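In what follows, every chain begins at residue 1, and chains take the letters A, B, ... in the order their sequences are listed. All values below were derived from every heavy atom in this structure, side-chain atoms included, with hydrogens, water molecules and symmetry-related copies excluded. Quick caveat: nothing in here was measured; it's all calculated off a predicted structure.
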Amino acid sequence: MLASLADAPLDDPHLVYEPKYDGIRAIVEIGPGGAVRLWSRLGNEKTNQFPEIVTALQKWGRRRKELLVLDGEIVALDDKGEPSGFQNLQGRIHVLDPTSGKGRAAEKGVRPLFAVALIAFDILRDGRIDYRTRPLTERRAALERIFARTGSPLLRISRQVRGDGRALHDEALARGWEGLIAKHADSLYKSGKRTPDWKKLKIVQEQEFVVGGWTDPRHARSYFGALLLGVYDNDDLVYVGHTGTGFTEKELARVMALVAPLEIKACPFRNRPKTNERPHWV
DNA sequence: TTACCGCTGG
DNA sequence: ACGTAGAGTG
DNA sequence: CACTCTACGTCCAGCGGTAA
(Lines give C-alpha, C1' and ligand atoms only; values in the text may rest on other atoms or scores of the structure.)
Protein backbone atom coordinates (compact mmCIF):
# COMPACT_ATOMS: atom_id res chain seq x y z
CA MET A 1 0.00 0.00 0.00
CA LEU A 2 1.39 3.35 -1.10
CA ALA A 3 0.48 6.97 -0.47
CA SER A 4 -0.70 9.51 -3.03
CA LEU A 5 0.72 13.01 -3.17
CA ALA A 6 -2.09 15.31 -2.15
CA ASP A 7 -3.23 18.13 0.00
CA ALA A 8 -5.16 17.26 3.09
CA PRO A 9 -6.44 19.24 6.05
CA LEU A 10 -4.32 19.06 9.18
CA ASP A 11 -7.31 18.81 11.49
CA ASP A 12 -9.61 16.24 9.96
CA PRO A 13 -11.16 13.96 12.60
CA HIS A 14 -11.30 11.11 10.08
CA LEU A 15 -7.54 11.20 9.53
CA VAL A 16 -4.55 10.07 11.54
CA TYR A 17 -1.16 11.69 11.02
CA GLU A 18 2.32 10.22 11.06
CA PRO A 19 5.78 11.49 10.23
CA LYS A 20 6.96 10.54 6.75
CA TYR A 21 10.01 8.50 7.67
CA ASP A 22 12.73 8.85 5.06
CA GLY A 23 14.17 5.38 4.63
CA ILE A 24 13.47 2.08 2.92
CA ARG A 25 9.99 0.61 2.94
CA ALA A 26 10.01 -2.90 4.34
CA ILE A 27 7.58 -5.74 4.86
CA VAL A 28 8.66 -7.78 7.86
CA GLU A 29 7.86 -11.46 8.43
CA ILE A 30 8.47 -12.93 11.84
CA GLY A 31 7.78 -16.63 11.70
CA PRO A 32 7.33 -19.06 14.57
CA GLY A 33 10.38 -19.16 16.81
CA GLY A 34 11.87 -16.02 15.29
CA ALA A 35 12.38 -16.87 11.61
CA VAL A 36 12.75 -13.37 10.22
CA ARG A 37 12.65 -12.08 6.67
CA LEU A 38 12.64 -8.54 5.32
CA TRP A 39 11.22 -7.57 1.92
CA SER A 40 11.52 -4.39 -0.13
CA ARG A 41 8.73 -2.64 -1.99
CA LEU A 42 9.69 -4.43 -5.20
CA GLY A 43 9.64 -7.82 -3.54
CA ASN A 44 13.39 -8.21 -3.11
CA GLU A 45 14.67 -9.83 0.03
CA LYS A 46 16.58 -7.43 2.27
CA THR A 47 17.15 -9.80 5.16
CA ASN A 48 20.91 -10.02 4.68
CA GLN A 49 21.39 -6.28 4.42
CA PHE A 50 20.17 -5.38 7.87
CA PRO A 51 21.53 -8.01 10.24
CA GLU A 52 21.16 -5.79 13.31
CA ILE A 53 17.44 -5.50 12.72
CA VAL A 54 17.07 -9.19 11.95
CA THR A 55 18.91 -10.13 15.15
CA ALA A 56 16.74 -7.82 17.23
CA LEU A 57 13.59 -9.25 15.64
CA GLN A 58 14.73 -12.82 16.20
CA LYS A 59 15.40 -12.12 19.82
CA TRP A 60 12.07 -10.38 20.26
CA GLY A 61 10.11 -13.02 18.35
CA ARG A 62 11.75 -16.07 19.88
CA ARG A 63 8.73 -17.14 21.88
CA ARG A 64 6.14 -16.31 19.26
CA LYS A 65 4.22 -19.30 17.96
CA GLU A 66 2.60 -17.87 14.84
CA LEU A 67 3.52 -15.82 11.81
CA LEU A 68 3.48 -12.05 12.24
CA VAL A 69 3.65 -9.69 9.26
CA LEU A 70 4.34 -5.99 9.74
CA ASP A 71 4.79 -3.03 7.41
CA GLY A 72 7.29 -0.31 8.22
CA GLU A 73 10.31 1.72 7.28
CA ILE A 74 13.98 0.95 7.83
CA VAL A 75 15.70 4.20 8.75
CA ALA A 76 19.21 5.37 9.54
CA LEU A 77 19.72 6.93 12.96
CA ASP A 78 21.73 10.02 13.77
CA ASP A 79 24.07 10.19 16.77
CA LYS A 80 21.13 11.04 19.00
CA GLY A 81 19.23 7.94 17.94
CA GLU A 82 16.72 9.94 15.91
CA PRO A 83 15.72 8.89 12.38
CA SER A 84 17.84 10.61 9.76
CA GLY A 85 17.77 10.76 5.99
CA PHE A 86 17.61 8.17 3.24
CA GLN A 87 21.08 9.23 2.09
CA ASN A 88 22.63 7.41 5.04
CA LEU A 89 21.11 4.13 3.87
CA GLN A 90 22.14 4.43 0.22
CA GLY A 91 25.33 2.49 0.70
CA ARG A 92 23.50 -0.51 2.07
CA ILE A 93 20.73 -0.92 -0.46
CA HIS A 94 22.68 -3.27 -2.70
CA VAL A 95 25.09 -4.81 -0.25
CA LEU A 96 24.38 -8.51 -0.28
CA ASP A 97 26.05 -9.35 3.01
CA PRO A 98 27.44 -6.49 5.11
CA THR A 99 29.32 -8.90 7.37
CA SER A 100 31.22 -10.66 4.60
CA GLY A 101 33.83 -7.95 4.12
CA LYS A 102 33.60 -8.50 0.39
CA GLY A 103 32.56 -6.01 -2.23
CA ARG A 104 33.44 -2.47 -3.17
CA ALA A 105 32.10 -0.78 -0.08
CA ALA A 106 34.02 -3.05 2.25
CA GLU A 107 37.26 -2.59 0.31
CA LYS A 108 37.03 1.15 0.37
CA GLY A 109 36.01 1.10 3.98
CA VAL A 110 33.60 3.89 3.18
CA ARG A 111 30.46 2.31 4.50
CA PRO A 112 29.69 4.52 7.46
CA LEU A 113 27.73 1.82 9.26
CA PHE A 114 25.08 4.16 10.44
CA ALA A 115 22.93 2.75 13.16
CA VAL A 116 19.59 1.64 11.77
CA ALA A 117 16.16 0.93 13.17
CA LEU A 118 12.85 -0.54 12.04
CA ILE A 119 9.84 1.71 12.52
CA ALA A 120 6.69 -0.37 12.11
CA PHE A 121 3.50 1.46 11.17
CA ASP A 122 1.10 -1.29 10.18
CA ILE A 123 0.23 -4.91 10.81
CA LEU A 124 -0.91 -7.23 8.03
CA ARG A 125 -1.15 -10.58 9.74
CA ASP A 126 -0.98 -12.12 13.18
CA GLY A 127 -1.34 -15.88 12.92
CA ARG A 128 -4.69 -16.58 11.36
CA ILE A 129 -5.91 -13.01 11.64
CA ASP A 130 -5.62 -11.20 8.30
CA TYR A 131 -5.49 -7.61 9.47
CA ARG A 132 -5.58 -6.24 5.94
CA THR A 133 -9.35 -6.50 6.01
CA ARG A 134 -9.60 -4.59 9.28
CA PRO A 135 -9.80 -0.79 9.56
CA LEU A 136 -6.67 1.16 10.30
CA THR A 137 -7.70 2.04 13.84
CA GLU A 138 -8.04 -1.63 14.67
CA ARG A 139 -4.72 -2.44 13.03
CA ARG A 140 -3.05 0.35 14.96
CA ALA A 141 -4.45 -0.93 18.24
CA ALA A 142 -3.10 -4.39 17.46
CA LEU A 143 0.28 -2.98 16.45
CA GLU A 144 0.54 -1.04 19.70
CA ARG A 145 -0.49 -4.08 21.74
CA ILE A 146 2.06 -6.33 20.05
CA PHE A 147 4.97 -4.13 19.05
CA ALA A 148 4.96 -0.95 21.15
CA ARG A 149 7.22 -2.29 23.90
CA THR A 150 9.82 -4.45 22.22
CA GLY A 151 12.57 -3.58 24.65
CA SER A 152 14.89 -2.84 21.72
CA PRO A 153 15.81 0.63 20.45
CA LEU A 154 16.02 -0.93 16.98
CA LEU A 155 12.37 -1.98 17.00
CA ARG A 156 9.93 0.89 17.18
CA ILE A 157 6.50 1.93 16.03
CA SER A 158 5.65 5.12 14.20
CA ARG A 159 4.42 8.15 16.02
CA GLN A 160 0.77 8.75 15.26
CA VAL A 161 -1.79 11.35 16.25
CA ARG A 162 -5.51 11.21 15.53
CA GLY A 163 -7.66 14.01 14.21
CA ASP A 164 -5.28 16.93 14.60
CA GLY A 165 -1.87 16.90 12.98
CA ARG A 166 -1.01 20.55 13.45
CA ALA A 167 1.46 20.04 16.27
CA LEU A 168 3.12 17.24 14.35
CA HIS A 169 3.30 19.46 11.28
CA ASP A 170 4.98 22.21 13.33
CA GLU A 171 7.48 19.67 14.54
CA ALA A 172 8.07 18.51 10.97
CA LEU A 173 8.86 22.09 9.93
CA ALA A 174 11.16 22.66 12.88
CA ARG A 175 13.08 19.43 12.39
CA GLY A 176 13.23 19.41 8.62
CA TRP A 177 11.24 16.23 8.09
CA GLU A 178 10.23 15.27 4.57
CA GLY A 179 6.58 15.63 5.46
CA LEU A 180 3.64 13.84 7.01
CA ILE A 181 1.44 10.95 5.97
CA ALA A 182 -2.28 11.42 6.56
CA LYS A 183 -4.28 8.18 6.65
CA HIS A 184 -7.99 7.56 6.67
CA ALA A 185 -8.75 6.12 10.07
CA ASP A 186 -11.19 3.50 8.79
CA SER A 187 -9.36 2.52 5.61
CA LEU A 188 -8.37 -1.06 4.81
CA TYR A 189 -4.89 -2.23 3.81
CA LYS A 190 -4.58 -2.58 0.04
CA SER A 191 -1.42 -4.54 -0.75
CA GLY A 192 0.66 -3.18 -3.60
CA LYS A 193 -1.76 -0.37 -4.43
CA ARG A 194 -1.30 3.38 -4.37
CA THR A 195 -4.46 4.78 -2.87
CA PRO A 196 -5.79 8.13 -1.67
CA ASP A 197 -6.49 6.53 1.71
CA TRP A 198 -2.91 7.43 2.52
CA LYS A 199 -1.91 10.95 1.58
CA LYS A 200 1.61 12.24 1.46
CA LEU A 201 1.89 15.82 2.70
CA LYS A 202 5.22 17.14 1.56
CA ILE A 203 7.12 19.94 3.21
CA VAL A 204 9.00 22.17 0.85
CA GLN A 205 12.51 23.11 1.93
CA GLU A 206 14.09 26.13 0.27
CA GLN A 207 17.67 26.87 -0.68
CA GLU A 208 19.09 29.10 -3.38
CA PHE A 209 21.65 27.50 -5.71
CA VAL A 210 23.95 28.67 -8.48
CA VAL A 211 23.79 26.72 -11.72
CA GLY A 212 27.34 25.69 -12.64
CA GLY A 213 26.54 23.39 -15.52
CA TRP A 214 24.34 20.66 -16.89
CA THR A 215 24.64 17.07 -18.03
CA ASP A 216 23.65 15.49 -21.32
CA PRO A 217 20.26 13.83 -21.34
CA ARG A 218 19.87 10.07 -21.26
CA HIS A 219 17.55 7.94 -23.35
CA ALA A 220 14.64 9.91 -24.75
CA ARG A 221 15.01 12.83 -22.38
CA SER A 222 15.22 16.21 -24.14
CA TYR A 223 17.62 19.13 -23.66
CA PHE A 224 19.50 18.11 -20.50
CA GLY A 225 19.60 15.42 -17.84
CA ALA A 226 20.30 17.44 -14.74
CA LEU A 227 21.53 20.83 -13.59
CA LEU A 228 24.76 20.88 -11.61
CA LEU A 229 24.29 23.06 -8.58
CA GLY A 230 26.60 24.86 -6.22
CA VAL A 231 26.60 27.33 -3.37
CA TYR A 232 29.22 29.99 -2.71
CA ASP A 233 31.70 29.54 0.11
CA ASN A 234 33.20 33.02 0.10
CA ASP A 235 34.56 33.23 -3.46
CA ASP A 236 34.54 29.50 -4.15
CA LEU A 237 31.64 27.85 -5.87
CA VAL A 238 31.17 24.51 -4.14
CA TYR A 239 29.34 21.77 -5.99
CA VAL A 240 26.54 20.39 -3.84
CA GLY A 241 24.44 18.18 -6.10
CA HIS A 242 22.46 17.48 -9.25
CA THR A 243 18.83 17.93 -9.89
CA GLY A 244 17.10 16.38 -12.87
CA THR A 245 13.53 15.89 -11.74
CA GLY A 246 10.78 18.41 -11.41
CA PHE A 247 11.10 19.86 -14.91
CA THR A 248 8.26 19.87 -17.36
CA GLU A 249 9.08 19.61 -21.06
CA LYS A 250 8.50 23.33 -21.44
CA GLU A 251 10.71 24.17 -18.50
CA LEU A 252 13.51 21.94 -19.84
CA ALA A 253 13.42 23.94 -23.09
CA ARG A 254 13.30 27.29 -21.34
CA VAL A 255 16.23 26.52 -19.03
CA MET A 256 18.29 25.06 -21.86
CA ALA A 257 17.83 28.23 -23.89
CA LEU A 258 19.09 30.29 -20.96
CA VAL A 259 22.06 28.14 -20.14
CA ALA A 260 23.38 26.98 -23.51
CA PRO A 261 24.77 30.37 -24.65
CA LEU A 262 26.73 30.66 -21.41
CA GLU A 263 28.77 27.50 -21.88
CA ILE A 264 32.46 27.75 -20.97
CA LYS A 265 35.33 25.28 -21.10
CA ALA A 266 36.42 25.11 -17.49
CA CYS A 267 34.56 23.61 -14.57
CA PRO A 268 33.52 26.47 -12.29
CA PHE A 269 33.32 24.35 -9.16
CA ARG A 270 36.08 24.10 -6.60
CA ASN A 271 35.29 20.38 -6.42
CA ARG A 272 34.71 18.81 -9.83
CA PRO A 273 31.57 16.66 -9.63
CA LYS A 274 31.37 13.15 -10.97
CA THR A 275 28.48 12.89 -13.38
CA ASN A 276 26.71 10.00 -15.05
CA GLU A 277 26.58 11.82 -18.37
CA ARG A 278 28.88 14.33 -20.02
CA PRO A 279 28.93 17.65 -18.16
CA HIS A 280 28.82 21.13 -19.65
CA TRP A 281 29.95 24.16 -17.63
CA VAL A 282 28.64 27.68 -17.43
C1' DT B 1 42.51 -0.58 -12.26
C1' DT B 2 39.20 1.80 -14.54
C1' DA B 3 34.97 2.67 -16.96
C1' DC B 4 30.68 1.50 -18.11
C1' DC B 5 26.26 -0.85 -17.64
C1' DG B 6 22.39 -2.68 -15.09
C1' DC B 7 19.87 -2.79 -11.17
C1' DT B 8 17.70 -0.99 -6.88
C1' DG B 9 16.27 2.32 -3.31
C1' DG B 10 14.08 6.95 -3.24
C1' DA C 1 11.51 10.10 -6.31
C1' DC C 2 8.92 13.10 -10.29
C1' DG C 3 5.95 14.25 -14.73
C1' DT C 4 3.20 12.87 -18.50
C1' DA C 5 -0.26 10.67 -21.36
C1' DG C 6 -4.07 8.10 -21.63
C1' DA C 7 -7.62 5.57 -19.30
C1' DG C 8 -11.14 5.93 -16.09
C1' DT C 9 -14.83 8.53 -13.52
C1' DG C 10 -18.18 11.86 -12.54
C1' DC D 1 -16.06 18.11 -20.56
C1' DA D 2 -13.07 18.27 -16.73
C1' DC D 3 -10.95 16.10 -13.30
C1' DT D 4 -8.56 12.01 -11.08
C1' DC D 5 -5.99 7.98 -11.19
C1' DT D 6 -2.70 4.65 -13.09
C1' DA D 7 1.08 2.96 -15.83
C1' DC D 8 5.14 4.08 -17.60
C1' DG D 9 9.35 6.43 -18.47
C1' DT D 10 12.92 9.23 -16.50
C1' DC D 11 15.87 11.37 -12.70
C1' DC D 12 20.08 10.59 -8.85
C1' DA D 13 23.18 7.91 -5.88
C1' DG D 14 25.40 3.84 -5.08
C1' DC D 15 26.91 -1.04 -5.47
C1' DG D 16 28.07 -5.25 -8.16
C1' DG D 17 29.36 -7.23 -12.40
C1' DT D 18 31.98 -7.28 -16.50
C1' DA D 19 34.71 -5.59 -20.23
C1' DA D 20 38.67 -3.00 -21.49
Student: Which residues satisfy the side chain to side chain donor-acceptor pair (under 3.5 Å) test with His184(A), sequence neighbours excluded?
Tutor: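 So His184(A) forms no side chain to side chain donor-acceptor pair (under 3.5 Å) with any residue.
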Student: Report, one line per pair, each donor and acceptor closer than 3.5 Å where one atom sits in a side chain of residues 36-44 of chain A; sequence neighbours left out.
Tutor:
unit_1: Trp39(A); atom_1: NE1; unit_2: Glu29(A); atom_2: OE2; d: 3.2
unit_1: Ser40(A); atom_1: OG; unit_2: Leu42(A); atom_2: N; d: 3.2
unit_1: Ser40(A); atom_1: OG; unit_2: Asn44(A); atom_2: N; d: 3.2

Student: Side chain of Ile24(A): nearest nucleotide among dG9(B), dA1(C), dC12(D)?
Tutor: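 Minimum distance to the Ile24(A) side chain belongs to dG9(B).
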Student: Within residues 11-19 of chain A, find the residues that approach DNA chain D with a heavy atom at under 4.0 Å, and present them sorted by residue number.
Tutor: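 Within residues 11-19 of chain A, no residue comes under 4.0 Å of DNA chain D.
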Student: Does Val16(A) sit in a hydrophobic cluster with other residues, and if so which ones, taking ILVMFWY side chains as linked at heavy-atom separations under 4.5 Å, directly or through other members?
Tutor: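 Cluster partners of Val16(A): Leu136(A).
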Student: Would you kindly give the CG-to-P distance between Asn88(A) and dC12(D), to the nearest whole Å?
Tutor: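 In whole Å, dC12(D) P and Asn88(A) CG are 21 Å from each other.
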Student: Which residues end up grouped with Leu77(A) if you chain together Ile, Leu, Val, Met, Phe, Trp and Tyr wherever their side-chain heavy atoms are less than 4.5 Å apart?
Tutor: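 Reading the cluster by chain and number, Leu77(A) sits alongside Tyr21(A), Val75(A), Ile119(A).
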Student: Rounding to a whole Å, what distance do you find between Leu227(A):CG and dC11(D):P?
Tutor: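 The distance from CG of Leu227(A) to P of dC11(D) comes to 13 Å, rounded to the nearest Å.
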Student: Quick one: are Phe86(A) and Glu73(A) in side-chain contact, heavy atoms under 4.5 Å?
Tutor: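 Phe86(A) does not reach Glu73(A) side chain to side chain.
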Student: Distance check: side-chain N/O of Arg194(A) vs OP1/OP2 of dC5(D), anything under 4.0 Å?
Tutor: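 The answer is no; no side-chain N or O of Arg194(A) sits under 4.0 Å from OP1 or OP2.
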Student: How close or far is atom P of dC15(D) from atom CG of Leu89(A), stated in whole angstroms?
Tutor: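 It is 13 Å, rounded to the nearest whole Å.
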Student: Expressed as a whole number of angstroms, how long is the span from Lys190(A):NZ to dT6(D):C1'?
Tutor: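 Value for this atom pair: 15 Å.
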Student: The side chain of Pro196(A) is closest to which nucleotide in this list: dA13(D), dC5(D), dC11(D)?
Tutor: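 When the side chain of Pro196(A) is considered, dC5(D) is the closest of dA13(D), dC5(D), dC11(D).
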Student: Output the single nucleotide from dG10(B), dC2(C), dA13(D) whose closest atom is nearest the side chain of Phe86(A).
Tutor: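 Given the options dG10(B), dC2(C), dA13(D), the side chain of Phe86(A) is closest to dG10(B).
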Student: In this structure, are over 12 heavy atoms from other groups packed under 6.0 Å from Glu263(A) atom CD?
Tutor: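 Yes, the 6.0 Å shell around CD holds more than 12 heavy atoms from other groups.
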Student: Select base, sugar-phosphate, or nothing to describe what Asn44(A) touches, counting heavy atoms under 4.0 Å on all strands.
Tutor: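 Counting heavy atoms under 4.0 Å across all strands, the contact made by Asn44(A) is with sugar-phosphate only.
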Student: What is the distance, to the nearest angstrom, from the CZ atom on Arg92(A) to the C1' atom on dG14(D)?
Tutor: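 Rounded to whole Å, this separation is 14 Å.
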Student: Measure CH2/Trp214(A) against P/dC11(D) and give the value in whole Å, please.
Tutor: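 Computing the Trp214(A):CH2 to dC11(D):P distance gives 16 Å.
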Student: Go through the structure and list residues passing side chain to side chain donor-acceptor pair (under 3.5 Å) with Lys200(A), not counting sequence neighbours.
Tutor: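 Side chain to side chain donor-acceptor pair (under 3.5 Å) check on Lys200(A) returns nothing, list empty.
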Student: When the nearest nucleotide of DNA chain D is assigned to Gln90(A) and to Ser4(A) on a heavy-atom basis, which residue is associated with the more 5' position?
Tutor: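 It is Ser4(A), whose closest nucleotide lies nearer the 5' terminus.
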Student: Looking across every strand, which nucleic acid part, if any, lies under 4.0 Å from Lys200(A) by heavy atom: base, sugar-phosphate, or nothing?
Tutor: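 Touches sugar-phosphate only.
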Student: For a quick check of understanding: with a heavy-atom distance under 4.0 Å over all strands, which category does Ser40(A) fall into, base, sugar-phosphate or nothing?
Tutor: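 Result for Ser40(A) = sugar-phosphate.
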Student: Can you check the Asp197(A) CG to dT4(D) P distance for me, whole Å?
Tutor: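 Taking atom P of dT4(D) as the reference, CG of Asp197(A) is at 16 Å.
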Student: State which of dC11(D), dG9(B), dC2(C) makes the closest approach to the side chain of Lys202(A).
Tutor: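 Comparing dC11(D), dG9(B), dC2(C) against the side chain of Lys202(A), the answer is dC2(C).
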Student: Ile74(A) has an atom CD1; how far is it from atom P of dT8(B), in whole Å?
Tutor: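 The distance from CD1 of Ile74(A) to P of dT8(B) comes to 17 Å, rounded to the nearest Å.
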